[in-house]
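Working notes for the structure below.
Residue numbers begin at 1 in each chain, while the letters A, B, ... track the order of the sequences.
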Amino acid sequence: MRKILFDTDLLGDDLMALFSMARDSETEIVGVTAYGRRVSSLDRCRMTSVFLKEVGFRGVRLVPGAAHPLVQEPLPGCRYCDNVLSALIESWNEKDFGDNPIDTSLSAAEFIAGTIRNNPGEISLLCTGPLTNVALAVSLYPELPSLVRETVIMGGLYSVMGNSRALVEANMYNDPEAAEIFFKNFRNVMIVPLDCTLKVLMRTDELTNADTHSIRGIVSSCCQSHLDRGDDAVMPMHDVLAYLVMKDPSLVETRRCNVKIELRSAESRGAMCFDWNGKEQIFCTEVDTERAKQLYRRLTGGV
Amino acid sequence: MTSIIIDSDMALGCRNADVDDAIAILVALSEKELEVIGISPSAGNVPGDYSGPNIDRLLRIIGRESVPHARRASAFVSEDHWIEEGRWKALGLAEQDPALLEGERSVDFLIRRLSEASEPVVLVNIGPLTNLALALKVEPRIERKIKALYMMGGTWFMPGVGGKDKEFNILADIDAAASVFLSNLKIVIFPLDVTKKRKIYPEDLALWKDSSSAFSRYLYNECTAFMKARAKRDGYPDPHAFFHDVLPVLAIDHPEWFSLTPCSVHIDTTGESTRGKMVVDTKLRGRREHRHLIATDVRESEVLKYVISRIDECYKDAVI
């Protein structure tokens, strides 16, 4: 049984990652910590509580966290994604969050630190949003990296166009300082970048009966937003892939490197900069797209 | 007929220095549809005091000294100074004879030749962008006399200087390059991604080695000497070179050999790790249109065959 602590900004693909985790009998979700932007982390947790109930899952502890980046002003984020979230929140109109309780007695950073410290060597840390909560946690408790079982993040890029700036991926862009603190402290991080996630795409005609009403809504809205922007009607499964890679690292080809996050550049703050002679982190360079999608289907019951 | 001006950090003439600027100039002068209306020296592969005399020397050897050319390059705009301490020192050059530097500065030459031109000119830049950046500041009106800038420089994904994601011509004078990319010029970029597609080995130059032309044999010797020196300098076992600089010259008359992608490019000047990186963006992100084109592929075998045979044919009368 893998004990996953999931730190996330709870956008559409994050929810799909959560969906596959919740359906996975080999995974125990020990907690979900949230990062918020225009839609607050508390609202994201509420929405997620209901989402989990709808996909048939109970008992997940949700902890709201950082509301803005460590240093810079908060960025608005993808308005298409936020619109999807807002629409989901409105459509449910659900007020009962008891099945998946929202814990506001402590912050996400404290929860992350406490959970890892109380379960040394057992926690798999999966991060698919800006790394603010984890950066705060490791700043308070520098021993955390030595206590986690493994760390996988979705973020960064090497040889594809960025989704925030040409050189910059959104999670790094939203809090570059947090990302730099993260990479300074954590080692052997499996980095699942845009280079891989942009290859694992979901179309609406690939949805199956196993996909719930809200999963269908997420995929349809995301595909539509891409279409509106003149791109193909597909949804990249960014954060889902990060989870799938944690489950089965053989889905990807990797290369060792050291990573620094550019903090000064006016145009490219948040760019992931590599030293390919370094060995500190693990960067995914290629993905077996078909096998990744099969694994998603197998976990979610849509074979 | 297209009028072109070539701005080059021409190194042929300095022992063991890079050869591809010379190859590019020779190809340009042999093209029937190109009229070279000027060549200006820049600092880069060699210090600025050497590229001007090198250009003059090559033109005399091939009997083309009537091609207008400047003598003196300007110092880099940027204050990075990594080339002076590294590459230039390693060349071990003797002090330049001041008599060889009598003549016009590249910046003044570019402004004069462009201002005199009756029709817009294609500028081919195969060294650092120092002269052009300065000329555009001194006389902004020349911008509209430049039909397009075809340049060798930058890299998208191909490792460059020191195995990192940066390229020599940009890194040599980062602020000059950044300034040129902020201008309104239409720029066609030939980055390492295409120029390094094909390594050139001594065997590839057999036609020159065995040629009846003394000039071809001379070029063969200079090319192989550079290949060996470069292999020793950078520590790899198979001596080879790249003909980076011929691509922007050839693309003017042979566009069918190249694949070009519209993009918007800027040079990062403010980053700690990203300073000197050429940032290529193929997404519009609110821009109305892309002003730049980047070469993403080249028919490298045709280019190589053409370059080698063309130079062998055209310079049989050169006196070396």
How about [atom1] on [X], more than 12 heavy atoms from neighbouring residues, nucleotides or ligands closer than 6.0 Å, or not?
{"X": "R141(B)", "atom1": "CZ", "answer": "no"}
{"X": "R256(A)", "atom1": "CZ", "answer": "yes"}
{"X": "K184(A)", "atom1": "NZ", "answer": "no"}
{"X": "K164(B)", "atom1": "NZ", "answer": "no"}
{"X": "K228(B)", "atom1": "NZ", "answer": "no"}
{"X": "H254(B)", "atom1": "NE2", "answer": "yes"}
{"X": "D232(A)", "atom1": "CG", "answer": "no"}
{"X": "K293(A)", "atom1": "NZ", "answer": "yes"}

- Item | Least distance between heavy atoms, T282(B) atom then M161(A) atom |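 Residues T282(B) and M161(A), closest heavy atoms: OG1-CG, 3.3 Å.
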
- Residue selection (most heavy-atom pairs with chain A, distance under 4.5 Å) from V279(B), T274(B), T269(B):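 Answer, by heavy-atom pair count under 4.5 Å with chain A: T274(B).
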
- Sort by residue number and list every member of residues 262-278 of chain A having a non-hydrogen atom under 4.5 Å from chain B.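 The residues closer than 4.5 Å to chain B, in numerical order, are E262(A), R264(A), S265(A), A266(A), E267(A), S268(A), A271(A), C273(A).
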
Euclidean distance, [Y] [atom2] relative to [X] [atom1], rounded to 0.5 Å:
{"X": "E272(B)", "Y": "I261(A)", "atom1": "CD", "atom2": "CD1", "result": "12.0 Å"}
{"X": "S159(A)", "Y": "D165(B)", "atom1": "OG", "atom2": "CG", "result": "11.5 Å"}
{"X": "D268(B)", "Y": "L167(A)", "atom1": "CG", "atom2": "CG", "result": "7.5 Å"}

- Message: Under 4.5 Å from any heavy atom of chain B, what part of V160(A) do you find: side chain, backbone, both or neither?
- Response: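 Backbone only.
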
- R229(A) versus chain B, heavy atoms under 4.5 Å apart: side chain, backbone, both or neither?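 The answer is neither part of R229(A).
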
